[in-house]
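Note sheet for the following structure.
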Amino acid sequence: MHGYDHRAIERKWQERWEKEKLYETSHVPAGKKKYYLLTEFPYPSGNLHIGHWYAFAVPDIFARFQRMRGYHVLYPIGFDAFGLPAENAAIKHGRHPRDWTYDNIARMTAQLKSMGNMFDWSRQVITSDQEFYRWTQWLFLRLFEAGLAYRATELANWCPSCKTVLANEQVKDGACERCGTEVGKREQASWFLRITAYADRLIDDLDNLPWPEEIKESQRNWIGRRRGAELPFALVNEQNPEAPVRTVRAFTTRADTLFGATYLVIAPEHSLVQELMPLVHNKEEVQEYVHAACAMREIDRLAEDREKTGVILRGVAARHPLTGKMLPVLLADYVLAHYGTGVVMGVPAHDARDYLFARGRGLPVVPVVVPERLFREKGARGADEMPLPYTGEGVLINSARYDGMPSQEARRAIVHDAEGQARTTYRLRDWSLSRQRYWGCPIPIVYDPEGTPHAVPDEHLPWTLPEDVDFTPSGKSPLASSKELRERTERLFGKGWKPEVDTFDTFVDSSWYYLRYADPHNAAAFADARLLADWLPVDRYSGGAEHTTMHLLYSRFWHKALYDLKLVPTPEPYIERFNHGQILGPDGKKMSKSRGNVVDPDEHVARVGADAVKLYLAFMGPYHTPANYPFDLGGIAGMRRFLERVVRLSEKQRTDTAPPRDLARLLHQTIRKVTEDIPAFKFNTAISALMVLLNRVDKETVLATQVYETFLRLLAPFAPHLAEELWERCGHTTSIHLQAWPEWDAQLVQEEEVTIVVQIDGKTRATFAAPRGLSREDVVQRAREVPHIASRLEGRAVRTTVVVPDRLVNFVTAPPHT
RNA sequence: GGGGAUGUGGCGGAAUCGGUAGACGCGCCGGCCUUAGGAGCCGGUGCCCGUUACGGGCGUGGGAGUUCAAAUCUCCCCAUCCCCACCA
């Protein structure tokens, strides 16, 4: 094994580090800068997979580096322990979700420890612990008191055979994943948090965050802020058009096209539909359509290539707010109930969806906006040359007294005259918190005999999850089957009081877990205010790209709400954010059990050691780009080879004399490269630089001690066990991980000689070495003297000579092409 | 459908204030060492042509453009991956 017994070395140091509490993080000492590095905590699914290694072992490089640079670093770990899979295990194997979960946590903890990360295990949080979830409940109650929580109904996927609500991922091709029954929708009462009340701040505050632009853009689009207006349309019974039944408001961002509105569309699931039913002549047809539309998934409904379906409400008409004309009213599933007002004015000439819908239904298409240039040339006749639908802005035509007005101006005038009102809407919807599941944090709400909800008072927290439940799906939440919970509620609140039986979405737990790391054992508060002030905000948060618009947005919202309540010290929870990529199977495909391409990290750790596995994961590609990397067995062998060469290097004879100048320069160039690459999460090029240094250092027969020990310190964050072992073998008695990070000598780093590239007409023809800082004239002179260049330039006129100092000379002989 | 990202040798990738494309590693080829080697060491390795040396042409998904100079900037196209509300 060439003297590299990774098993012995890794076991030895993991035990010693734990014994010496090397990674326990104290309070931030006065005068020391803190650094809070966070990675998304894992769900205890059963076994650690290679993706966990990628998520936790690689950022550990940065954590260790920051520590050596003098920061007081917090790099915590915990478990996002509530969730549906535990309950599935209970149903399938008859195990209690708690036992299943905590067994998994025990196994995964051992596996996580085999990484040798600098996790501070004394700060571990587990969201399903009572000591954690009592504070989840406590925080929710503060939001409840602040008016941010409310109860309403929503539609959920429902399997009538399994009698359970389904997650989108449990629905395969419109059928229940478990039993194959066709999935329907069901109205479901739910608690919501008013995330939409924070929509503007969630968008606007992104401007000041140093996040990657693509993550910010994703969040902006997800929130989907649209400024527009609501315009009133009176609905009438066609038999009696003079007496409006009621007025509805249609949301539009294009009020300037109002004169092009030739019909009105209502979302099929809109409550208005049932209200209008008594007036409708074709009731049966309409009901059938509503039923079919409700069964469909939203993304399918919105697919634009799909043929648009709809049905007319016979007997009902809408009065155009400005012309007074009667317009037909239809239902169509391309209109969504929860966006805007769920009512849309149909303007086929200027909206692609309306156009497709109206065509073939005989609904009139009336152009009312023409592009400005066309208008200038042809006036209103320009409309004849305009391809429909035209969705851009322009100048109004066919619009009575608004003719000739530009879109923008017309919008204001029309909204005003039609008695509409400016309104901003968002694609984002309020956050539905309730889950009809057992293994989650109980919602601390009870209902009085009249059914009015009340907060469970703080002194009764934790509002514990009952044990005596039946997991067999019954159509109700599992907690409804608990006698203990029922009795507890009546005992504490009185006869006829009932408990809330839903549990929280697990995104609630993960919306604040990073706060608890600051003060994980506090029994009197979710965290001490002073400690929060010390540690927050999180300096850098790394995780998967799939959380960009959900977890990341939910927790930003939750944090802002707590900030308004003066419970946290900062308006944003995370300063920097990086999304990392995914590890694919060796076949380049997403890992899955069914494909049989799942990589088991334990096997590789046993074979080549944790340091080699970590090094390989860090080397396979840049960490700050969410790309996908296939796991390559040859690559991991290469990392093992690198570490074996390091071990062999350690056996080389050493000297206290200074290294050769070129080696000293390379050493300092390496320090600079590694120091710049680690904080940028470019671990792959940092490791490459270490390899280059090793290749050079290997050529020495006697190695300067100073070079060797500096190399070990540079290696320490990447291969913490081996570096520590070799450091000890140098005779040092304090851990390498407590050493200062090496500094580079800026003077020495500069190459004294540079390579000048000589081009003719932009093509590289030769290179030559020259001292740094040569004058323009001298460089050109030398370039001309290069034999190969001289012969090529013979008899040709040089029109221009481009010189980039210390880099290149380009002789231009050809005429410029135009 | 919407949103986000990514395309460079046989493979992962490197190089982006425009300035030697392919660092480093894997793989492959040749040699040394060895009882043996799936160990180690040395050398080579983008493709095509030429080969005595020096060489020549083409090359960063495809096509156009800007420039003395484009993987990098602009426009159009193609392909792949990820997310889209009771998964975490």
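When the ring-ring contact (aromatic ring centres under 6.0 Å, His included) test is applied to Trp53(A), no partner is found at least two apart in sequence or on another chain. Applying the side-chain hydrogen bond (donor to acceptor under 3.5 Å, both in side chains) rule to Glu187(A) yields the partners Thr153(A); only residues at least two apart in sequence or on another chain are considered. In this structure His551(A) satisfies the ring-ring contact (aromatic ring centres under 6.0 Å, His included) test together with Tyr541(A), His547(A), sequence neighbours excluded. With sequence neighbours left out, the side-chain hydrogen bond (donor to acceptor under 3.5 Å, both in side chains) criterion links Asp351(A) to Arg353(A). Not a single side-chain hydrogen bond (donor to acceptor under 3.5 Å, both in side chains) links Asn810(A) to another residue, sequence neighbours left out. Partners of Ser477(A) according to the side-chain hydrogen bond (donor to acceptor under 3.5 Å, both in side chains) rule, which considers only residues two or more places apart in sequence or in another chain, are Asp502(A). Here Tyr514(A) pairs with His559(A), Tyr574(A) under the ring-ring contact (aromatic ring centres under 6.0 Å, His included) rule; sequence neighbours left out.
The side chain of Met550(A) sits closest to A88(B) out of G25(B), A88(B), C86(B). Out of C83(B), C24(B), A85(B), the shortest distance to the side chain of Lys590(A) is found at C83(B). Taking the side chain of Thr506(A) as heavy atoms from C-beta on, and the options A88(B), C82(B), C24(B), the nearest nucleotide is A88(B). Here the nucleotide nearest the side chain of Asn221(A), chosen from A88(B), G25(B), G4(B), is G4(B).
Distances shown here put every side-chain N or O of Arg220(A) at or beyond 4.0 Å from the OP1 or OP2 atom of G3(B). OP1 or OP2 of C26(B) sits under 4.0 Å from a side-chain N or O of Arg641(A). At C24(B), none of the side-chain N or O atoms of Arg696(A) fall inside 4.0 Å of OP1 or OP2 (strictly under the cut-off).
Applying the 90° criterion around 0 to the glycosidic angle, G31(B) comes out anti.
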- Task: Can you check each nucleotide of nucleotides 42-63 of chain B against protein heavy atoms at under 4.0 Å and return B for base, S for sugar-phosphate only, - for none, in 5' to 3' order?
- Result: --------------SSS-----
- What string of B, S and - do you get for nucleotides 10-22 of chain B 5' to 3' if you count protein non-hydrogen atoms under 4.0 Å? --BSS----BBS-
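Spacing of P atoms, G12(B) relative to G1(B), comes out at 28 Å, to the nearest Å. Separating the C1' atom of U52(B) from that of G61(B) is a span of 40 Å, rounded to the nearest Å. Across the P atoms, G43(B) and C24(B) are found 12 Å apart, a figure rounded to whole Å. Taking the P atom of each, G10(B) and A23(B) are spaced 14 Å apart, rounded to whole Å. Separation of the C1' atoms belonging to A21(B) and C47(B) is 14 Å when rounded to the nearest angstrom. Taking atom C1' in both A79(B) and A15(B), the straight-line distance is 24 Å, to the nearest Å. Remark: the separation of the P atoms in C17(B) and C73(B) is 10 Å, to the nearest Å. On the P atoms, C26(B) is 9 Å away from G40(B), given to the nearest whole Å.
When heavy atoms are screened at a 4.0 angstrom cut-off, Phe192(A) is found touching no nucleic acid atom at all. The residue Phe507(A) sits close to a base: some heavy atom pair falls under 4.0 Å. Using a 4.0 Å heavy-atom distance criterion, Thr800(A) is classed as making no nucleic acid contact. Within the 4.0 angstrom heavy-atom criterion, no nucleotide atom of any strand lies near His551(A). When heavy atoms are screened at a 4.0 angstrom cut-off, Asn579(A) is found touching no nucleic acid atom at all.
Remark: the Trp439(A) side chain and the Thr503(A) side chain contain no N/O donor-acceptor pair separated by less than 3.5 Å. Judged purely by distance below 3.5 Å, without hydrogens or angles, the side chains of Arg645(A) and Asn695(A) pair a donor atom with an acceptor atom. Of the N and O atoms on the side chains of Ser190(A) and Ser432(A), at least one donor lies less than 3.5 Å from an acceptor on the other residue. Under the 3.5 Å distance criterion, with hydrogens and angles disregarded, a donor-acceptor pair is assigned to the side chains of Tyr102(A) and Ser128(A). A donor atom on one side chain and an acceptor atom on the other are found under 3.5 Å apart for Tyr150(A) and Asp430(A).
Among residue pairs with one or both ends in residues 612-633 of chain A, those qualifying as side chain to side chain donor-acceptor pair (under 3.5 Å) are Asp60(A)-Lys614(A), His580(A)-Tyr623(A); sequence neighbours excluded. Counting only residues at least two apart or on different chains, the side chain to side chain donor-acceptor pair (under 3.5 Å) pairs with a member in residues 680-692 of chain A are Asp677(A)-Thr685(A).
Lys216(A) places its NZ atom 20 Å from the C1' atom of C83(B), with the value rounded to the nearest Å. Put simply, CG on Leu714(A) is 18 Å from P on C24(B), counting in whole angstrom units. The distance from atom CD of Glu546(A) to atom P of A5(B) is 16 Å, rounded to the nearest whole Å. In this structure, the CZ atom of Arg799(A) is 9 Å from the C1' atom of C68(B), given to the nearest Å. When the C1' atom of A88(B) is taken as reference, atom OH of Tyr513(A) falls 12 Å away, rounded to whole Å. Following rounding to the nearest Å, Leu633(A) (CG) and C26(B) (P) show an atom-to-atom distance of 14 Å. Whole-Å rounding puts the Leu643(A) CG to C26(B) P distance at 12 Å. Separating the CG atom of Asp80(A) from the P atom of A88(B) is a distance of 7 Å, rounded to the nearest angstrom.
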- Dot-bracket assigned to RNA chain B with the 3.5 Å Watson-Crick/G-U criterion, [ ] for crossing and | for other-strand pairs, is (((((((..(((......[....)))((((((.......))))))((((.....))))..(((((..]....))))))))))))....
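The base of C86(B) sits with one of its N or O atoms less than 3.5 Å from a complementary donor or acceptor on the side chain of Gln436(A).
Residue Glu214(A) is the one, among Glu214(A) and Ser434(A), whose nearest nucleotide of RNA chain B lies closer to the 5' end (criterion: closest heavy atom). Judged by closest nucleotide on RNA chain B, Glu217(A) is the one of Glu217(A) and Val165(A) placed further toward the 5' end.
Applying ring pair (Phe, Tyr, Trp, His ring centres under 6.0 Å) to Phe132(A) and the options Phe41(A), Tyr513(A), Trp512(A) leaves one that passes, Trp512(A).
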